[in-house]
Amino acid sequence: MNRASIGVKIKMIDIGFDRLSNQMLKPYDLTSTQFKVLLYLLKRKSEITKQIDLEKHFGLTNPTVTGILNNLEKSGFVKREVNEQDVRSKKIRLCQNVLQLESELTAIAVSIEKKLTQGLSKEEIESTLSVLEKIFANLNQ
């Protein structure tokens with residue numbers, strides 16, 4: 001059997017993931033990347049989050065995160081405010097409408113995860129996560 005390389009297979013999964021999540025997020029006018037950022041912010045809603053936190057967590061460049069935040073801000077999902085603790089950086093705050101959608105957005109995330117892991121045992125999921133973390137670490141060496 002002629003198998004695709006790991007890189008090709010990961011890219012195929014990424015495309016499929018984006019297709020599925022973009023379809024589920026269409027009613028909210030969100031992309032999968034914007035959705036991931038909102039979920040991250042929702043999990044940290046009681047903490048101060050700066051742009052650099054997003055860059056580090058997602059492994060994205062400053063201009064990429066700036067673009068994502070600009071679009072989220074235009075759509076009324078986030079607001080950037082002066083960080084009293086460090087005036088050189090802005091803190092990112094979720095707008096009220098996102099907080100009201102938290103249970104819906106969380107349900108979508110759970111649904112996507114179920115679709116991704118459908119038919120896999122807990123051991124297979126743990127093993128897959130372990131392998132993916134090693135691959136990610138290899139790329140960041």
Side-chain angles (χ1 to χ4, degrees), residues 2-141:
N2 189 9
R3 288 186 146 185
S5 71
I6 289 175
V8 170
K9 192 57 80 175
I10 289 172
K11 185 62 180 174
M12 291 168 65
I13 292 167
D14 181 51
I15 291 168
F17 172 85
D18 282 347
R19 187 180 313 117
L20 172 66
S21 55
N22 286 337
Q23 178 183 14
M24 294 178 82
L25 295 165
K26 195 171 193 154
Y28 303 91
D29 197 28
L30 287 169
T31 66
S32 61
T33 303
Q34 292 169 339
F35 177 61
K36 291 174 214 171
V37 168
L38 289 179
L39 288 176
Y40 176 82
L41 293 169
L42 282 166
K43 287 179 184 171
R44 297 173 44 99
K45 65 185 169 196
S46 62
E47 302 171 37
I48 292 176
T49 302
K50 300 176 287 188
Q51 182 165 330
I52 189 76
D53 299 323
L54 295 170
E55 292 167 17
K56 287 179 181 176
H57 180 77
F58 292 105
L60 298 171
T61 64
N62 178 281
T64 300
V65 174
T66 296
I68 294 166
L69 291 174
N70 285 345
N71 289 329
L72 286 171
E73 200 164 26
K74 270 189 239 168
S75 299
F77 290 111
V78 300
K79 185 170 178 150
R80 288 179 269 198
E81 300 175 336
V82 173
N83 182 356
E84 299 84 20
Q85 297 171 347
D86 181 1
V87 293
R88 296 169 297 165
S89 71
K90 294 195 180 216
K91 59 185 176 182
I92 303 158
R93 185 177 58 79
L94 290 167
C95 292
Q96 191 60 38
N97 61 332
V98 175
L99 297 172
Q100 292 170 344
L101 291 172
E102 182 174 6
S103 62
E104 290 176 52
L105 296 176
T106 302
I108 291 170
V110 168
S111 177
I112 291 169
E113 188 72 13
K114 279 184 181 176
K115 179 74 173 170
L116 288 172
T117 59
Q118 166 183 321
L120 299 176
S121 69
K122 285 184 181 182
E123 294 80 17
E124 288 172 319
I125 293 168
E126 287 302 315
S127 176
T128 300
L129 285 170
S130 177
V131 169
L132 290 173
E133 286 170 6
K134 288 178 184 177
I135 292 170
F136 185 72
N138 289 342
L139 291 173
N140 290 307
Q141 286 181 356

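Worth saying up front: this structure is predicted, and the values here are computed from it rather than measured. Numbers here simply count residues along the sequence, with the first being 1.
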Supply the atom-to-atom distance [X] [atom1] to [Y] [atom2], rounded to the nearest 0.5 angstrom.
X     : Y      : atom1 : atom2 : answer
Leu30 : Leu105 : CG    : CG    : 7.0 Å
Leu72 : Lys79  : CG    : NZ    : 15.0 Å
His57 : Lys43  : NE2   : NZ    : 7.0 Å
Leu20 : Leu25  : CG    : CG    : 9.0 Å
Leu41 : Leu94  : CG    : CG    : 5.0 Å
Phe77 : Leu101 : CZ    : CG    : 7.0 Å

Do [X] and [Y] have side-chain heavy atoms sitting under 4.5 Å apart?
X     : Y      : answer
Tyr28 : Glu104 : yes
Arg93 : Val98  : no
Val37 : Val78  : no

SB check Lys50 Asp53 (cutoff 4.0 Å):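 Between Asp53 and Lys50 there is no salt bridge, as every charged N stays at least 4.0 Å from the carboxylate O atoms.
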
Aromatic contact, Phe58 with Tyr40 (centres under 6.0 Å):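 They qualify: ring centres under 6.0 Å apart.
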
Between the main-chain N or O of [Y] and the side-chain N or O of [X], is there a donor-acceptor pair closer than 3.5 Å?
X      : Y      : result
Asn22  : Thr31  : no
Gln51  : Lys90  : no
Glu55  : Val65  : no
Ser130 : Glu126 : no
Ser5   : Val8   : yes
Ser75  : Asn71  : yes

Enclosure of Asp29 CG (heavy-atom neighbours >12, cutoff 6.0 Å):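 Count not over threshold, so no.
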
Thr61 and Thr66: CA distance, side-chain angles, deciding distance, side chain to side chain contact (heavy atoms under 4.5 Å, CB included) verdict: CA-CA 9 Å; Thr61 64; Thr66 296; over 6 Å; no

Lys56: partners by salt bridge (charged side-chain N to carboxylate O under 4.0 Å, His left out), with sequence neighbours left out: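 Partners of Lys56 under the salt bridge (charged side-chain N to carboxylate O under 4.0 Å, His left out) test: none.
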
